[in-house]
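Below is one structure, written out as structure tokens, with a few remarks after it.
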Amino acid sequence: MSTEDRPPAPRSLAEELRARGDASLGALLRSRPDLITPVPTDLTQLATRAGTRASVVRALERLDRFALQTAEALAVAADPAAYGELLGLMAGDDADPAVVAALPHALDVLREQALVWGDDDRLRLVRTARELLAPSPQHPSPTGLGPTVQEATAGMSPGRIQEIVTAAGLASTHDSVSAVTALAGLFTDRARMAALLADAPADSLDVLERLVWGPPYGQVTADPAPRLRWLLDRGLLLPTAPGTVVLPREVALHLRRGLAHRTPEPVPPVVETAAVHRPQVVDSAAAGQAYTALATVEELLKDWDEGGPAVLRAGGLSVRDLKRTAVALDVPEPAAAFWVELAYAAGLIASDGEADERYAATPAYDEWLELPAAERWSLLVTAWLAATRTAGLVGGRDAKDRTLSALGPGLDRSAAPEVRHRVLALLAGLPEGAAPAAGSVLARLRWERPLRGDRREDDLRGRLAEWALSEAELLGVTGRGALSAQGRALLGAPAAPTPGPEAEPAGPGDKLPVHHHHRTTPLAPLSPAEQAVASAAAARLLAPLLPEPLDHVLLQADLTAVAPGPLQRPLADMLDVLADVESKGGATVYRFTPGSVRRALDAGQAASDLHAFLATHSRTPVPQPLAYLIDDVARRHGHLRVGAASAYVRCDDDAMLSEILADKRAAGLGLRRLAPTVLAAQTDPAGLLEGLRSMGFAPAAESAEGDVLITRALAHRTPPRTAPEPVPDGPPVPDDTLLAAALRAIRAGDLASTTPRKPGAAPAANGELPRTGAAETLATMQAAVLTGEALWIGYVNAEGAASQRVVAPIRVEGGFVTAYDHTADEVRTYPLHRITGVAELADDAG
């Protein structure tokens, strides 16, 4: 393209945005969604918003390390800077080929993010970004560079400047400006600088070496040592304040061979493979862990079925209740906090909202239990992926030094979903069956988001990544550290890369230290609809790998039953009532006791029902000791009756009542005989039942009508509750519909604000609406109807919002004007009294 054909260079960011196509503007708004919250009225307002401090900080935080290094280099370059100068700062005198190859893409990223604008010969970093990244005594630059010679000599006396110029071997000048320019020219001339430093004392060069990579400031006394005096005399060190000197930027860049950064990082660190397993081993291990996850959540909810721990006044679980839950689940406390938070995120537990507030299962838990196992798992992992509540923080301290408790406030970290997704996406980029080295995953994340990874909350992203790896293993998303097939489907990821010959393990589950040097295209987070499809696909892959529930147990003569695998729900529920769990593992061992049998009888089962149940579901004959136990407990069950007197005991056998009265253990019950067959008690019926059972009796409760009262274990449920909403990490990324509408509104507003008007037609000043009288407005409108010309109008709607529009009037009648609105691209009707004024467009307006 010739110079004549090249479009004029943009004079501002707004002009550059105006020259962009919809695809480029759409990419900007997707990457910086805060720019359309709310939608700006035109491109000038969009450019202004893109330069605000909050928006720029947010954009900088989302740059990878090399793009950020490029922005930092532009902050210490001239303003504007040519591409060649930027390349020199990034690649150095040796022109590192990796940097040369990567720099155009990094610059494109900065341009797309509207952090840099201008052609390659006039690159400009937006003012706010320059202020944030440029070096200053209060905010040192990450480059370690100090001020330029011009900045460092500002305020220095002309005489002193001339002394420095002369000592550096330059001719004296008539003014300070030319002297400073000559000194800066010397320092940026490689050959002349090399000659100047060749004469420097060795200890003076040592001083420069200590300052060259920053910090560039040093302390001196009122009478500097000779090695410092030599440098000060020639301007290689310049005073900035009493007792403080600085290494000028030009000198440092010469000593660095032109590099703005000691170590440019154009290529992201490779995610290294620490171990390789056969894919079948990975999927089986993950499926086994997925089954354990389901069993753990069920056990937790069963433990809280009749009302869980109390809610602390400040919210959350107490330390004591978390410890009790960890013991009940047989897991460490951090793992217990994770399972509790996961059930909460999935909407399975919540506060019941009662006066004596407690945690309990929600109605959604009952619905969840009825689903197939694989679907229950997919619901848990989908909730985990999106949750911003972070269980790893439990036990830590908040900003006010208060302990963070499970289910309590202060656990939301908006970056958590993004980090989880990115960690799994990195695993998806490895060959099938490959487990990563955790350190390389953290190094990669720090490269991708250096500002968030290195300078916020003690590397929060690193901790989130470590928790994501361990939690993915607990949930069965990964197996033996490698992403499983169901985990890959959960991300909507394509098939895994095929491992090379060196990645093949020697045998099942063998581990080899293999390094895979490849880059993968980042997997974008899925929309809710896409995630639902991906979760369903993951469930389908997991389902065949989960063990089939069994319909039988093995009864043994020592009053135990062995479940060799997971049991069907009705069988498991009945065994939970009839027996106590003695041990868990690959097989669950249940033990039958008089108390457990009585529990089943209290729940309404008859002895004949229990015999039939055991005979139906046992692969071995019912042992005689177990049959005797059931008959013996059933024979005594209900022989005593307890009711409310406060409470009473009645029994047809008055000798048994006499025995109870004579027993010293009954002293606390406050018993007295009312009749030969009735005793009254000073305790409530529940306490009386418990007291008599502790004495070895088997009483039954009865109703006011005298019928045996079957006390079933009533499950306590909260009212309907919704799962907690994740805390968004800033405004959501706009979907295609919103983006198209926003672009259309911005383009339309820009058309109205930039369309040229005829001179003398009362143009608006400083973006104000045009102002004309009612008669002039009406006459101009009527004339435009006849000529078919378009007009520029100011309009205030019923809510008082003002806007500018370009319209072509079609009809004016009854106090309304009907016109084709170029801004909205449709025909609209406007009340004339809401039009603030009109102006004719210039003849050459496009």
Side-chain angles (χ1 to χ4, degrees), residues 31 57-72 102 105-106 109 113 142 261 263-275 384-393 396 412-431 434-475 477-478 481-483 487-488 490-493 497 515-526 726-730 733:
S31 60
V57 167
R58 183 172 180 80
L60 291 175
E61 285 180 343
R62 293 187 169 271
L63 295 178
D64 62 48
R65 189 179 298 280
F66 189 64
L68 182 62
Q69 286 182 328
T70 304
E72 291 165 351
H105 173 71
V109 169
Q113 298 274 323
H261 298 88
T263 310
E265 298 183 54
V267 180
V270 174
V271 178
E272 298 176 348
T273 300
W384 170 72
L385 269 179
T388 54
R389 290 185 62 83
T390 309
L393 296 170
D412 282 291
R413 294 296 182 272
S414 56
E418 180 212 344
V419 173
R420 286 191 201 107
H421 185 277
R422 188 63 191 128
V423 166
L424 296 182
L426 291 174
L427 269 61
L430 295 175
S440 68
V441 173
L442 300 183
R444 177 63 169 265
L445 289 176
R446 281 192 290 269
W447 185 91
E448 292 180 347
R449 294 286 187 273
L451 278 183
R452 287 194 162 195
D454 292 344
R455 307 175 191 174
R456 280 192 159 202
E457 294 188 45
D458 186 30
D459 191 10
L460 173 63
R461 283 177 66 86
R463 290 187 292 151
L464 288 172
E466 291 174 347
W467 295 330
L469 287 170
S470 62
E471 291 166 3
E473 191 76 11
L474 282 175
L475 284 169
V477 177
T478 59
L483 191 65
R488 194 176 299 276
L490 189 69
L491 296 178
H515 302 274
H516 299 279
H517 299 279
H518 64 278
R519 294 181 65 175
T520 59
T521 302
L523 289 169
L526 303 179
V727 175
D729 188 15
V733 176

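All residue numbers in this chain count up from 1 along the given sequence.
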Out of curiosity, [X] [atom1] to [Y] [atom2], how far, rounded to the nearest 0.5 Å?
{"X": "Thr478", "Y": "Glu471", "atom1": "OG1", "atom2": "CD", "result": "11.0 Å"}
{"X": "His105", "Y": "Thr70", "atom1": "NE2", "atom2": "OG1", "result": "10.0 Å"}
{"X": "Leu475", "Y": "Leu385", "atom1": "CG", "atom2": "CG", "result": "9.0 Å"}
{"X": "Glu61", "Y": "Asp729", "atom1": "CD", "atom2": "CG", "result": "8.5 Å"}
{"X": "Leu393", "Y": "Leu460", "atom1": "CG", "atom2": "CG", "result": "7.0 Å"}

Exercise: identify the closest heavy-atom pair between [X] and [Y]:
{"X": "Arg58", "Y": "Gly730", "answer": "NH2-CA, 3.3 Å"}
{"X": "Val270", "Y": "Ser440", "answer": "O-CB, 3.7 Å"}
{"X": "Pro269", "Y": "Ala443", "answer": "CG-O, 3.8 Å"}
{"X": "Leu424", "Y": "Leu483", "answer": "O-CD2, 4.0 Å"}
{"X": "Phe66", "Y": "Ala106", "answer": "CD2-CB, 3.6 Å"}
{"X": "Pro417", "Y": "Ala386", "answer": "CG-O, 3.5 Å"}

Do any N or O atoms from the side chain of [X] and from the backbone of [Y] form a donor-acceptor pair under 3.5 angstrom?
{"X": "Ser31", "Y": "Gln113", "answer": "no"}
{"X": "Thr390", "Y": "Thr388", "answer": "yes"}
{"X": "Arg488", "Y": "Ala428", "answer": "yes"}
{"X": "Gln69", "Y": "Thr263", "answer": "yes"}
{"X": "Arg420", "Y": "Trp384", "answer": "yes"}

For this session: Inspect the contact between Glu418 and Arg449 and indicate whether a charged nitrogen and a carboxylate oxygen are less than 4.0 angstrom apart.
Result: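 So Arg449 pairs with Glu418 through a salt bridge.
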Problem set entry | Stepwise side chain to side chain contact (heavy atoms under 4.5 Å, CB included) test for Val109 and Leu63 | CA-CA 8 Å; Val109 169; Leu63 295 178; 4.1 Å; yes
For this session: May I ask you to test the Pro268-Asp64 pair for a side-chain heavy-atom distance under 4.5 Å?
Result: no
Problem set entry | Full working for side chain to side chain contact (heavy atoms under 4.5 Å, CB included) between Leu445 and Leu464 | CA-CA 11 Å; Leu445 289 176; Leu464 288 172; over 6 Å; no
Problem set entry | Worked check of side chain to side chain contact (heavy atoms under 4.5 Å, CB included) between Glu448 and Leu426 | CA-CA 12 Å; Glu448 292 180 347; Leu426 291 174; 4.3 Å; yes
Problem set entry | Sequence-distant partners of Glu265, side chain to side chain donor-acceptor pair (under 3.5 Å), two or more places apart |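 Once residues adjacent in sequence are excluded, the partners of Glu265 under the side chain to side chain donor-acceptor pair (under 3.5 Å) criterion are Arg65.
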